[in-house]
Every structure is written in structure tokens, then in C-alpha cells.
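No experiment lies behind these values; they were computed from the predicted model shown. All chains are named by letter (A, B, ...) in the order of the sequence lines, taking the proteins before the strands, and each is independently numbered beginning at 1.
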Amino acid sequence: MTAAKSLPLPRDSTRQSRGLLYGPLVKRINRTCGGVIIAFVIVHVVGLAVVYWSAMSPVLHALPWLDGVNRRTWFHAIYFILFPAIVFHTLYSLKLIAMDFGLRVSYRISFWVISVLAVAAAFWGAFGYVSH
Amino acid sequence: MSLTDHAIPASADNSRPPAGETVDTTTAGTVTLKSRRSVYGRSGTPTSLGMWMFQRLSGVLLGPLVFVHILVPSAPKIVWVSSLLLAIILGHAFVGLWRVAAMRRFSLSLARFGVALSVLFVVVIGVFGIALICSL
């Protein structure tokens, strides 16, 4: 296969580099969302283990406020970050898997649709926080 | 002129392997943090096929399991469901953290530190998670 004219790579024939670079941005957001979910898993598992695991009862005696902290109103503020992180991480990863199977998805449209849904999830989380 | 003539030469800054390392141009063999592969002049550590497949499969499994865990009140107390969820979370998170560390944005030492953190995460959450499941 031959090319008629030599073009240096990376090409910028669509002038993409002058606008938002979706690929690196989405990859960073997706990995940040994964990090947020991991942080929540740590808090969730360790926090519950302190409450229910008898070996951790000295910690619970030292920090009695840990029992039932998940029912406190202020604690629900984390949903404002957790919900959009879960929505973005799930939907973007499902998009990647769909693309692995050959489905063609517009990277611009998918980014904005997933972002809007993630922001909507943040507002849903915030609503739950306010109405609690 | 072939299409390969368009590729950025391997001497470009971000494709040059650090001293003492070689550029691995294949995905065959054991993949380690030292493995590097250059694609269009940008170097990176390839993810092994097994880890890559596991992360996708575990991600697909996590969706319904988390759904059940949250929406079915008795689900967290079902030992096999919670154990399966814990195992999949640990595996999925470990591979994800390994891949972030393997990007090796700064140095190999920092990447190794990242991998150590991912192992620490698996150990800590594994111990606390198993203890929690047994206590419920």
C-alpha cells in the first residue's frame, strides 16, 4: 500500500489538536472515577468491619461515632461525588467493551452523553443529601 | 513510500526507553513493568491479555452484583454473594491500579511503588472484607 503524499504523524488534518482532546481527557476522568470508587470501597469495607468485626471493638470504643455514621446526613454528601463517578466509570467502560466487539461509537457524542448523565447523577445524589 | 514511513522515528523523546531498558515491540511473553512498547512514537507498558480480559469480564460482572448488593436488603448477608463481590472488586481494582502504575508517567521506581500500593489495597481490603463477611 502506498501513500500519494508524505504526511508527518501525528497528523492534524481534522484540526483536532486545536480543540478539546477527548481521548486523554476521558482516560484521565475514567481513571479518576475509578480512584474515587476505590476510596469509597476502602471507607465502606473498613468502616463496616470496625463496627461488626469483634476484633475491632477497641477501635469502636475509642471512636463510638463510627457506629451509624452512614446514617448521618453529612455523610450522604459523598454521594455527590460517588454517584457521578460510578455512572461515568460504568458507562464509559461499557462503551469501551462495546467498541471491543466492533461497535462504532462517536467519541464526542458518547463523552457528552456520559458526562451529562454523570452530572445528573451528581444532582440526584445532592437531592438525596438535601432531602435526607 | 509505505505507510510505515509516516511513523515518528523511535528516537522521539517520549519513545526513548530509559537507560538500561529495551523497547519490547511484541506482546508475546511475560509482561512486566519493565516491558515497553512504542506505538506511533509513544511508549507504554502493554497490559497482558489475561489481565485485560479479567478486567473487562470482572467489570461486566460487577454491575449486576453491585445492583443486587444495594437493592436486595438481605444480599450483603448472603456469604457467597458477598464473597464473590469482594473477590471481583479486589481483582478489578488491582488490575486497574496496576495499569495506572504501568503508565509509568514519572519513573520505574514510582511505578513499583504504585504496584506495591495496589498489593497493599488487596491485602487490607481482603482481610477486612473477609472478617466483615464472617462477622455478619
(request) Rounded to the nearest 0.5 Å, what's the gap from CD1 on A/Ile97 to CG on B/Leu57? Could you check? (result) 8.0 Å
(message) For a quick test of reading the model, state the closest non-hydrogen atom pair linking B/Arg99 to A/Arg31 and the distance between them.
(response) O-NH1, 4.2 Å
(request) Determine which residues belonging to residues 71-89 of chain B lie within contact range of chain A, meaning some heavy atom pair is under 4.5 Å apart, and list them by number or answer 'none'. (result) B/Ile89
(request) Report yes if the side chains of B/Ile125 and A/Val46 come closer than 4.5 Å at any heavy-atom pair, otherwise no. (result) yes
(message) Rounded to the nearest 0.5 Å, what separates atom CG in A/Leu96 from atom CD in B/Gln55?
(response) 10.0 Å
(request) Please answer: with hydrophobic residues joined when any side-chain heavy atoms are less than 4.5 Å apart, are B/Phe94 and A/Val36 in the same cluster? (result) no
(request) Following the transitive rule for hydrophobic clusters with a side-chain heavy-atom cut-off under 4.5 Å over Ile, Leu, Val, Met, Phe, Trp and Tyr, establish whether A/Leu63 and A/Phe75 coincide in one cluster. (result) yes
(message) With a 4.5 Å cut-off on side-chain heavy-atom distances among I, L, V, M, F, W and Y, is there a chain of contacts connecting B/Ile133 to B/Ile130?
(response) yes
(request) Would you name the heavy atoms of B/Ser135 and A/Tyr52 that are closest together and state the gap between them? (result) CB-O, 3.3 Å
(request) Give the minimum heavy-atom separation between B/Phe121 and A/Val41, together with the two atoms involved. (result) CZ-CG1, 4.5 Å
(message) What's the separation between atom CE in A/Met56 and atom CG in B/Leu132, rounded to the nearest 0.5 Å?
(response) 11.0 Å
(request) Could you state whether A/Met99 and B/Leu49 fall into the same hydrophobic cluster, counting links through intermediate Ile, Leu, Val, Met, Phe, Trp or Tyr residues with side-chain heavy atoms under 4.5 angstrom apart? (result) no
(message) Hydrophobic clusters here meaning ILVMFWY residues chained together by side-chain heavy-atom distances under 4.5 Å, can you tell me if A/Phe88 and A/Val105 are in one?
(response) no
(request) Quick one: pull up CG in B/Leu62 and OG1 in A/Thr90 and give me the separation to the nearest 0.5 Å. (result) 8.5 Å
